[in-house]
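Here's the structure we're looking at; comments come further down.
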Amino acid sequence: MPGLRGRNGGVPTPVLLYISFIIITLIAAGAYVGTRPAEDEEEEEVPGEVHSLTITIVSPVTAEQSSSITVYAHDAENNPVSGADISLSYTIPGRRDPWRVSLRLVDQGDGTYTSSLTSQWAGTYNITAEVVGTAITASGSVSFIPGQVAEVVITSTSPREAEPENTATVSFYFTDASGNVIPSGQIEPGVITSFGELGQVITYPDDTFSVTLSSENLGTAEVTITENNSGASGSENVVFSSVYIGVTADITPPGILILNYENFEIQVENFEIQRFHARVNVFVPENAGQLDNYEITIEYDNNIFYYISTSDGDLTDNFLAPIVEATDNIIKISQAGSSPGPSTDVAILTFGPVNFGYGGVAIVEAHLYGDEHIVPPVLPPERIPDGGKVLKRLIVPLKIWIVDGSGVTEEDAIADAQRAEDKFNKNAEACRSQYRHVYIVEINHISESEWDIKVPDSDIEGTEGVPGEEEDNQRKNLISQNTWERWVNVYYVPDSSFVGMGWHTDNVIFIKDNDDFDNRTLFHELVHEFSRSAVKDSPADNAAAQGARTPGNIMNYDNTGDNITSTQGGLIDSEIDKRAEERPEEEGGGFIYKPTPYVVEPTLGRVHVGGIETDFMFFEGNPYSTAPVTIEDAEGNPVAGATVTVEVDRPDGTTEAEAATTGSDGVADITHYADVHGTYTFTVTDVQVEGMQYDSAANVVSNASVTLEEEVPSTAVVEASISVAEDPAGHALYIGMPGTLNLTVTANSTITIAGLDPWVYITGIWEADLSFTATGSGTVAGYPNIVVTYEGAYISYTSLGQAAVLLFGDLTMGAEGGLPGALPITYRVEGQGSID
């Protein structure tokens with residue numbers, strides 16, 4: 001039943017206890033299943049024969065240790081008796097149908113008989129000794145108790161699903177090395193968190209604990225739980241995220257099982273479900289100000305369901321209708337406005353399941369913009385006369401990115417921007433420029449790990465067809481991630497892994513040392529940005545008129561200062577004129593600088609067919625010809641998400657088209673119903689993948705064939721795998737199951753199965769339609785005359801020049817009763833083999 005798991009690895013604990021000991025006993029001593037009837041009649045006492053039994057058992061015993069068992073046999077005169085036929089067995093109390101399992105008993109020759117029982121699972125087991133064929137018995141029990149505390153198992157719920165409390169529940173329990181739960185009375189738990197507020201620890205009757213964690217702020221809390229006596233500890237991260245995907249019960253169809261609310265992982269169970277809905281929620285803490293606009297990138301599994309539409313999550317809020325860009329399995333949503341409160345449903349996603357299976361919808365990137373991130377501009381008077389000159393007011397949007405480890409604070413970055421603004425305005429008042437600058441500053445933070453991914457220290461492989469120059473590739477790797485921006489991007493970085501300090505043509509500036517040039521670095525790089533590199537910053541350049549050799553000029557490394565020349569000012573103004581847009585009066589008037597974002601124009605990669613493997617398979621009793629097609633890029637790497645179209649030339653002279661999409665391994669599983677004998681030829685006719693081109697000339701192979709034979713050509717031996725299909729009585733626990741079976745099919749229409757005990761020999765025939773039935777009977781796990789049947793289908797075929805067979809069917813033991821409970825066990829047996 002989905003979602004029901006025990007704490008010992010996925011199966012409820014009583015079942016695991018039962019399974020473990022049955023298997024251990026069967027392997028160690030051979031199995032005797034069932035109980036022997038007691039003799040009702042009293043037998044005449046004979047001197048030297050067993051008249052009574054007593055038993056001693058070491059208990060309790062720590063899990064994974066052995067309990068010693070001693071049975072004492074006495075005659076009527078209380079003398080010890082050796083050589084008696086005594087059996088020893090155990091049962092597990094509390095089971096609906098407890099089976100009796102034999103234990104090996106060793107005759108010591110002095111009237112004592114010894115044995116032992118070992119278990120890794122905690123629990124109580126009843127031990128019974130019996131003189132075989134009589135009613136003389138002795139019994140006792142052994143209790144296995146958990147060992148020392150070794151591990152803490154922790155789970156947590158999503159804090160955002162508990163709004164408005166914003167509370168997560170952290171549940172935990174402690175186990176020994178074997179996974180046995182330690183009783184809560186032996187535990188002294190301690191809980192600490194790096195973030196948020198913890199509630200009181202609650203203890204439950206099932207020896208589990210829980211504690212609540214609340215926070216009105218955003219962040220990741222590391223909750224550490226320790227058993228104070230043993231020191232065993234573990235931790236769980238609880239994420240108080242700003243953006244999450246949620247669901248509402250009344251809009252979730254019953255055919256969808258929700259596995260994870262945080263990232264909205266689901267299992268599609270009902271193929272007839274047409275659509276479902278998920279809501280995108282944005283949470284902004286009250287102390288962080290209002291949300292002004294956002295951009296969210298969402299990824300979904302388009303192999304399981306398809307995206308239909310995005311609608312406004314709340315028509316009454318202060319946001320405009322969402323702007324949506326959807327391609328393949330990526331959805332990008334953006335909205336502008338103002339949030340009415342700390343938590344807002346901004347969009348509703350509608351999907352339509354198209355296939356059974358597991359899928360997910362996850363937020364992979366989110367940018368939120370609120371008033372706490374923006375430094376509002378202080379607008380000067382619209383016109384400022386200075387020396388007979390009227391200055392134009394220019395709004396410059398600066399998006400500042402502070403990388404952890406750079407040593408720069410938000411205050412440092414804002415101060416740098418203020419200094420740069422002041423220096424440009426000082427030059428404007430000296431009649432070296434016509435613009436008076438006003439900066440809008442937005443602050444963002446990047447972790448060092450994220451920064452290393454964006455721009456690693458080593459060279460970055462270039463786009464196909466572009467030289468692999470380090471600086472050029474660094475530019476493409478970083479700037480292409482911000483193509484939607486129309487801000488000047490300023491990065492404060494912790495290292496000097498860049499060839500250049502700024503890429504002025506890409507509106508990006510890097511500052512690796514905030515103390516460079518006495519805090520003039522940002523001013524210096526903005527001169528490059530506004531002039532589009534018309535000025536030079538190397539004294540070796542013949543550009544004295546542009547200020548590179550002018551003492552006190554910001555572009556002169558040897559004698560830097562706060563000035564630009566009139567020539568530089570003219571170059572800057574002419575370039576700004578090309579990118580400045582006039583602002584409406586209701587927005588304060590003036591102009592706003594809108595740099596053109598850098599866009600990497602990708603060279604389309606090429607894909608080709610790397611291989612085709614033909615085969616046959618059965619599905620629900622019907623044969624299908626298959627042709628897994630591998631799609632690779634020019635370097636031979638697998639390509640995911642490629643739609644492969646194949647034409648199948650059939651034995652009846654017709655041609656049909658089939659298509660499939662490659663997975664992460666680059667393989668598209670093409671299948672075709674094989675309803676007639678003969679040859680099926682698969683030919684790839686097209687490959688479609690976004691951003692790449694199909695290069696058929698580079699195909700390693702373009703077609704492959706497989707032939708379904710009309711008759712069995714000769715004897716074939718199939719090594720078949722075996723698995724339990726149905727076992728309502730739990731027989732597999734004591735019957736055992738080999739890894740494989742050998743099946744032989746011959747041209748004279750016979751099929752036989754030979755395997756190891758307790759598997760019986762069966763034989764039968766296959767029909768003209770290649771179906772077959774084989775039967776047999778024998779002893780299974782000590783039960784005689786158990787009827788075994790095997791029904792299925794068989795085909796022989798030739799693929800890629802190799803003759804082979806495929807066999808598929810259900811093998812049933814106890815088809816006519818005979819096993820405990822008169823219930824059969826059914827195995828799925830299938831395999832492929834070679835033809836002699």
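A search for side-chain contact (heavy atoms from CB on, under 4.5 Å) contacts involving V700 returns H608, not counting sequence neighbours. For D649, there are no salt bridge (charged side-chain N to carboxylate O under 4.0 Å, His left out) partners at least two apart in sequence or on another chain. Residues meeting the ring pair (Phe, Tyr, Trp, His ring centres under 6.0 Å) test with F616, sequence neighbours left out: Y797.
Annotation: the span from T685 atom OG1 to E658 atom CD amounts to 11.0 Å, rounded to 0.5 Å. The distance from the CZ atom of F510 to the CG atom of N489 is 9.0 Å, given to the nearest 0.5 Å. Atom-to-atom distance recorded for E529:CD and E575:CD is 10.0 Å, nearest 0.5 angstrom. To the nearest 0.5 Å, atoms CD1 (I331) and CD1 (I296) are separated by 11.5 Å. The distance from the CD1 atom of I298 to the CD1 atom of I333 is 4.0 Å, given to the nearest 0.5 Å. Rounding to the nearest 0.5 Å places OH of Y827 at 8.5 Å from CG of L811.
For the residue pair G313 and I348, the shortest heavy atom distance occurs at CA-CG1, 3.8 Å. Across every non-hydrogen atom of T220 and V239, the tightest pair is OG1-CG2, 3.9 Å. Of all non-hydrogen atoms in T310 and L349, the two that sit nearest each other are OG1-CD2, 3.4 Å. Of all heavy-atom pairs spanning S705 and T681, the tightest one is OG-OG1, 2.7 Å. Listed here is the closest heavy atom pair of D695 and N699: O-OD1, 3.7 Å. Between T614 and A704, the shortest heavy-atom distance links the atoms CG2-CB, 3.5 Å.
For the side chain to side chain contact (heavy atoms under 4.5 Å, CB included) test with Y694, the passing option among V689, V609, I631 is V609; the others fail. Screening T679, T655, D675 for a side-chain hydrogen bond (donor to acceptor under 3.5 Å, both in side chains) involving R650 leaves a single residue, D675.
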Starting from the C-alpha separation in whole Å, work towards a yes-or-no answer on side chain to side chain contact (heavy atoms under 4.5 Å, CB included) for F772 and E791. CA-CA 6 Å; F772 59 79; E791 296 181 336; 5.9 Å; no
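Side-chain atoms of Y673 do not come within 3.5 Å of backbone N or O of S625 as any donor-acceptor pair. Side-chain atoms of D328 do not come within 3.5 Å of backbone N or O of I330 as any donor-acceptor pair. With hydrogens and angles ignored, the 3.5 Å screen pairs a side-chain donor or acceptor of T662 with a backbone N or O of A642. The main-chain N or O of N703 is never found under 3.5 Å from a side-chain atom of T683 such that the two would form a donor-acceptor pair.
In this structure, I323 and S334 have side chains that are in contact, with non-hydrogen atoms separated by less than 4.5 Å. For the pair D312/P322, a side-chain contact is recorded, criterion being any heavy-atom separation below 4.5 Å from C-beta on. At least one side-chain heavy atom of R828 sits less than 4.5 Å from a side-chain heavy atom of D810.
The pair D633-R606 does not meet the salt-bridge criterion, since no charged nitrogen lies less than 4.0 angstrom from a carboxylate oxygen.
Taking the six-membered ring for Trp and thresholds of 30 and 60 degrees, Y491 and W401 have nearly parallel ring planes, at less than 30 degrees apart. Note: Y593 and F530 have perpendicular aromatic rings, judged against thresholds of 30 and 60 degrees for the angle between ring planes. A perpendicular orientation is assigned to the rings of Y307 and F351, their planes being inclined by more than 60° (bins at 30° and 60°).
Using modelled atom types and a 3.5 Å distance limit, the side chains of Y294 and Q335 yield a donor-acceptor pair.
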